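Notes to accompany the following structure.
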Amino acid sequence: MITNRDKRMATTLARIENSIYRILSEPEIMTRLANYGYDFGAVHSARNLLEEVIRLNRLPDNYDGKERLLLESFKTVKTDFESFYNRHRQLVQEMEDAEAKGIWRHTYPEHPDYEKWLSQADVYGSLMENESIKEAMLKVNVPESELIQARHLIDIMRQVFREYRKQKGSEIKEVVDLEKKIRDLENWYDRFVEINRIAFEGEPQTLEILGIPIAMN
């Protein structure tokens, strides 16, 4: 959904882009503005800043798509893992092995935060280190290979979740950078408008070419 803020941003960027393009394509205007500090280098730097703002302004949609895919991948693997986990937990509860029951009783995953859920769900490290529990699991038709597979799914979930968190962190940084660069660009343009009204006072056609509204007295 395009918001009013998005529309204002698009209008502002289009106006600034037009002004910069006009200066770079009008040598006479460029020459006169150079006397006020707006030479080719200064205008080129402003164009680079504009292009960076445009690039950063397009990122949120890309981030949303990547985040959604990573989260969906996590949930898919989580579903596969839970089919193992729930079956193993039920079998352990029916066993006479008190140690195995203790491991599962204290680590039942029920936390809504995925990172903490992963920490609670990873009981397989303890199981794999305990030969007596592995033997007991084998007696109820849970071979070691199945325990290894469940542990592997935990590792996959950790990796996917790390990528998801990394993506979220990158998004936050890019948003902060965007806001700063927008302020820098707006400050540049406000000053640019002031200077052009001085440089081309009495020349409304030149100001019109640059897309700068004539100041009202």
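No experiment lies behind these values; they were computed from the predicted model shown.
Listed here is the closest heavy atom pair of Asn18 and Ile209: ND2-O, 3.7 Å. For the pair His88 and Ala150, the tightest heavy-atom approach, listed with the atom from each and the gap, is CE1-CB, 4.5 Å. In this structure, Gly211 and Tyr189 approach most closely via the heavy-atom pair O-OH, 3.8 Å. Of all the heavy atoms in Phe200 and Leu210, the pair that sits closest is CE1-CD1, 4.0 Å. Counting all heavy atoms, side chain and backbone alike, Asn141 lies closest to Arg87 at O-NH2, 3.2 Å. In this structure, Leu185 and Ala46 approach most closely via the heavy-atom pair CD1-O, 4.2 Å.
From Leu50, atom CG reaches atom CD of Glu52 across 10.5 Å, with rounding to the nearest 0.5 Å. Rounding to the nearest 0.5 angstrom, the gap separating the CZ atom in Phe84 from the CD1 atom in Ile154 is 12.0 Å. For the atom pair CG (Leu153) and CG (Asp80), the distance works out to 6.5 Å, reported to the nearest 0.5 Å. Atom CG of residue Leu91 and atom CE of residue Met137 lie 6.5 Å apart, to the nearest 0.5 angstrom. In this structure, Glu144 CD and Glu131 CD are separated by 7.0 Å, a value rounded to the nearest 0.5 Å. The distance from the CD1 atom of Ile16 to the CZ atom of Phe192 is 9.5 Å, given to the nearest 0.5 Å.
Residues passing the side-chain contact (heavy atoms from CB on, under 4.5 Å) test with Asp39 are Ala34, Ala42, sequence neighbours excluded. By the side-chain hydrogen bond (donor to acceptor under 3.5 Å, both in side chains) test, Arg162 is found to be paired with no residue, residues two or more places apart in sequence or in another chain being considered. By the side-chain hydrogen bond (donor to acceptor under 3.5 Å, both in side chains) test, Arg32 is found to be paired with Glu203, residues two or more places apart in sequence or in another chain being considered.
Looking only at side-chain heavy atoms (C-beta outward), Leu147 and Lys134 come within less than 4.5 Å of each other.
When the shell of 6.0 Å around CD of Glu201 is examined, it contains 12 or fewer heavy atoms from other residues, nucleotides or ligands.
Looking at Lys75 and Glu72, no side-chain N of the basic residue comes within less than 4.0 Å of a carboxylate O on the acidic one, giving no salt bridge. In summary, Lys78 and Glu82 engage in a salt bridge, as defined by a charged side-chain N under 4.0 Å from a carboxylate O.
Under the 3.5 Å distance criterion, the side-chain polar atoms of Asn187 are matched with a main-chain donor or acceptor of Arg183.
Cluster membership check: Ile29 shares its hydrophobic cluster with Phe40, using side-chain heavy-atom separations under 4.5 Å among Ile, Leu, Val, Met, Phe, Trp and Tyr. Ile148 and Leu138 fall into different hydrophobic clusters, where Ile, Leu, Val, Met, Phe, Trp and Tyr residues are linked whenever their side-chain heavy atoms come under 4.5 Å apart, directly or through other members. Cluster membership for Tyr21 and Met30, using ILVMFWY side-chain heavy atoms within less than 4.5 angstrom, is not shared.
Ring geometry for Tyr124 versus Phe81: interplanar angle over 60°, hence perpendicular rather than tilted (30 to 60°).
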Would you check, one step at a time, whether the test side chain to side chain contact (heavy atoms under 4.5 Å, CB included) holds for Tyr36 with Arg191?
CA-CA 11 Å; Tyr36 295 87; Arg191 178 61 177 163; over 6 Å; no
